[in-house]
Amino acid sequence: MEKWQKLWLSLTSTNTITLIISFLVITFAVFGIHGRNYSSTSFDDASNGGAPKLRQLSFSAIQLQSVATSTDSPPLLSSNSSVHHRFAPRKKKGGVEEGLARARAAIRREKAAWNRRNRSITLNNPSTFIYRNPRAFHQSYLEMERRLKVYVYDEGDLPIVHDGPCKDIYTIEGRFIHEIEHGSTRFRTRDPKHAHIHFMPFSVTWMVKYLYKPKSYDVTPLNQFVSDYVNVISTKHPFWNRTQGADHFMLACHDWGPHASRGNSDLYNRSIRVLCNANSSEGFNPQKDVSLPEIHLYDGNISPKLLSIPRKTSPRPYLAFFAGGLHGPIRPILLSQWKGQDPDLQVHEYLPKELDYYTMMLQSKFCLCPSGHEVASPRIVEAIYAECVPVILSKNYVLPFSDVLRWEAFSIEVDVKDIPRLKEILRAIPEEKYRRLIEGIRAVRQHFVLNTPAKRFDVFHMILHSVWLRRLNLKLR
């Protein structure tokens, strides 16, 4: 009997071990196949003459947000949400590219979880219908918070480098530089080897102020400065030459930002250019460049009048409002058609002294936002602050954050040729749609506010997220 018991125990142990080994073999086989499928279907080899070998993602930055969602993601998009504590930064495993691969995989899992029922719920939820795909955006944002590291070059001297305007029409240029360099941001790294992206902190606005000869219209000094700057960092560091600038970015709100970027052909053609002047007919490429919202803060702060918005029931007696100079090709059409023509459409070239600009916005249902000399207009953000539906009158303007935001959920676009029909078009908007547009404005406002220090989901973080998307869409080899 004792002999048979020993034999039984021996067989049992052998079977157990065999089962464990079989389970492990099957598990590794399944995950191994999955990994090979991912790497073989998610990336396409690309070559460009003598350029560094880059592998481009099979989905674009825009597609990333428009085709992915999840049925089991946590509640979305509150700047005070405690949800992010579940995703607190943890010790990194592997290198920069390995981390990005995991981020892409997480976003793809959101894509796989998408279904029509969840989509219909999303589109009817006031807090989420402003997004092309709220689940994908949320997942991407959390991955950015967890992983993104930015290296800021130390090279360059004040005032043109490491500084910028922090008030008036180019506010956002200086505020971004100051926040990334001096704020309590988790995104900055002092070790460039750990960086996903490298930032060149020069100010085009200060170049114009200190290098440009007034009324000469000669941008050569700007081009030369940028050329010299890239030459310095590419000589001193290996990172620019490794990718020919593809994992580098600059930021400029001045109209001449695109001109300055021509100082180096790789910067213009390969680097991420974060620009207010996001004109797709003048070289702005939304697949690699980022549209920067123009925010006009006269003294560096939002006007107190726009901090306390009237109640929903407060009357807005005017259908639409605009006041501004005759800059560019669109405003003359608007002013010739509507200036002083209709009390419902308050269109002014120069606002009468007895009227206040922000008060007029707060008393109007729609705020007209025509382009000036260049495509961007600070009135768009001012209108959002005033809960006055922006009416965008522009050509070839790539709207800020449009890879994640559904601008049609909180603004109206009117073709320039339809300016003579402007009153008819605005009057035809049903009251129900107008109310939804206002709900959209209230939901999207947080993404266009400059905070000191920066807060989750504000404009500083939205700019970084746009840069993050473009870096996600690039795989270095």
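- At least one donor-acceptor pair closer than 3.5 Å links the side chain of Arg470 to the backbone N or O of Pro286.
- Here the shortest heavy-atom pairing between Ala454 and His461 reads CB-CE1, 3.6 Å.
- Taking the six-membered ring where the residue is Trp, Tyr210 and Trp206 present perpendicular rings, their angle passing 60° and hence far from 30°.
- The ring of Phe137 has its center closer than 6.0 angstrom to the ring center of His465.
- Judged by a 6.0 Å distance limit and a 45° cone about the ring axis, Arg273 is positioned over the six-membered ring of Tyr268.
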Between Phe457 and His447, does the side chain to side chain contact (heavy atoms under 4.5 Å, CB included) criterion hold? Intermediate values first, please. CA-CA 6 Å; Phe457 297 107; His447 296 321; 3.8 Å; yes
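- Considering CD of Gln446 and CD1 of Ile384, their distance stands at 12.0 Å, rounded to 0.5 Å.
- Applying the ring pair (Phe, Tyr, Trp, His ring centres under 6.0 Å) test to pairs two or more places apart or on separate chains, those with a residue in residues 289-309 are His296-Tyr298.
- Under the 4.5 Å side-chain criterion, counting only non-hydrogen atoms from C-beta, Val96 is not in contact with Leu476.
- Considering only heavy atoms from C-beta on, Val150 comes within 4.5 Å of Phe249 through its side chain.
- To the nearest 0.5 Å, atoms OH (Tyr217) and OH (Tyr212) are separated by 6.0 Å.
- Under a 3.5 Å cut-off, the side chain of Gln139 and the backbone N or O of Ala136 do not form any donor-acceptor pair.
- Rounding to the nearest 0.5 Å places CG of Leu450 at 7.0 Å from CD1 of Ile463.
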Show the numbers, then the answer: is there a side-chain hydrogen bond (donor to acceptor under 3.5 Å, both in side chains) between Glu173 and His254? CA-CA 8 Å; Glu173 190 172 300; His254 196 281; over 6 Å; no
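- Panel note: side chain Asp228, backbone Asn231; no donor-acceptor pair is recorded below 3.5 Å.
- In this structure, Ile130 CD1 and Arg442 CZ are separated by 13.0 Å, a value rounded to the nearest 0.5 Å.
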Would you sort out whether Leu251 and Ile180 count as a side chain to side chain contact (heavy atoms under 4.5 Å, CB included), showing the intermediate values? CA-CA 12 Å; Leu251 180 143; Ile180 198 71; over 6 Å; no
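- No donor-acceptor pair under 3.5 Å is formed between the side chain of Trp468 and the backbone N or O of Glu143.
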Before giving the answer on side chain to side chain contact (heavy atoms under 4.5 Å, CB included), spell out for Ile197 and Ile272 the whole-Å C-alpha distance, their side-chain angles and the decisive distance to 0.1 Å. CA-CA 10 Å; Ile197 199 82; Ile272 300 167; 3.7 Å; yes
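- Lys288 places a side-chain N or O within 3.5 Å of a backbone atom of Ser271 that can act as its donor or acceptor partner.
- Between His248 and His198, the ring-plane angle classifies as parallel under the 30° and 60° cut-offs.
- Looking only at side-chain heavy atoms (C-beta outward), Leu399 and Glu413 come within less than 4.5 Å of each other.
- Salt-bridge annotation for Glu97 and Arg471: present, with a side-chain N of the basic residue lying under 4.0 Å from a carboxylate O of the acidic one.
- Proximity of the aromatic rings of Tyr131 and His138 is defined here by a centroid distance below 6.0 angstrom, and this criterion is not met.
- With 3.5 Å as the limit, one finds a donor-acceptor pair spanning the side chains of Asp218 and Thr220.
- With salt bridges taken as basic N to acidic carboxylate O contacts below 4.0 Å, one links Arg242 and Asp247.
- A salt bridge is absent between Lys236 and Asp154; no separation between the charged side-chain nitrogens and carboxylate oxygens falls under 4.0 Å.
- The CZ atom of Phe284 lies 10.0 Å from the SG atom of Cys276; values are rounded to the nearest 0.5 Å.
- Here the two rings, on Phe199 and Phe187, have centers that are 6.0 Å apart or farther.
- Other residues, nucleotides and ligands place more than 12 heavy atoms under 6.0 Å from the CG atom of Asp299.
- Ser402 and Trp407 share no donor-acceptor pair across their side chains, judged by distance under 3.5 Å alone.
- The closest side-chain heavy-atom distance from Cys367 to Glu382 is not below 4.5 Å.
- Side chain to side chain, Arg175 and Thr452 meet the donor-acceptor criterion of an N or O pair below 3.5 Å.
- Looking at Glu294 and Cys253, their side chains come closer than 4.5 Å, going by heavy atoms from C-beta outward.
- Between Pro390 and Ile441, the closest side-chain pair of non-hydrogen atoms falls below 4.5 Å.
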Under the side chain to side chain contact (heavy atoms under 4.5 Å, CB included) rule, what do Asn279 and Lys395 come out as? Steps first, then yes or no, please. CA-CA 8 Å; Asn279 189 333; Lys395 290 182 178 180; over 6 Å; no
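- In this structure, Cys388 SG and Ile380 CD1 are separated by 12.0 Å, a value rounded to the nearest 0.5 Å.
- The shortest distance between side-chain heavy atoms of Leu464 and Phe176 falls below 4.5 Å.
- Between His259 and the choices Val226, Val219, Leu222, Val204, the side chain to side chain contact (heavy atoms under 4.5 Å, CB included) rule is met once, by Val219.
- Counting only heavy atoms from C-beta outward, the side chains of Asp163 and Ile177 never approach each other to under 4.5 Å.
- Two rings, from Tyr358 and Tyr385, have their centers 6.0 Å or more apart.
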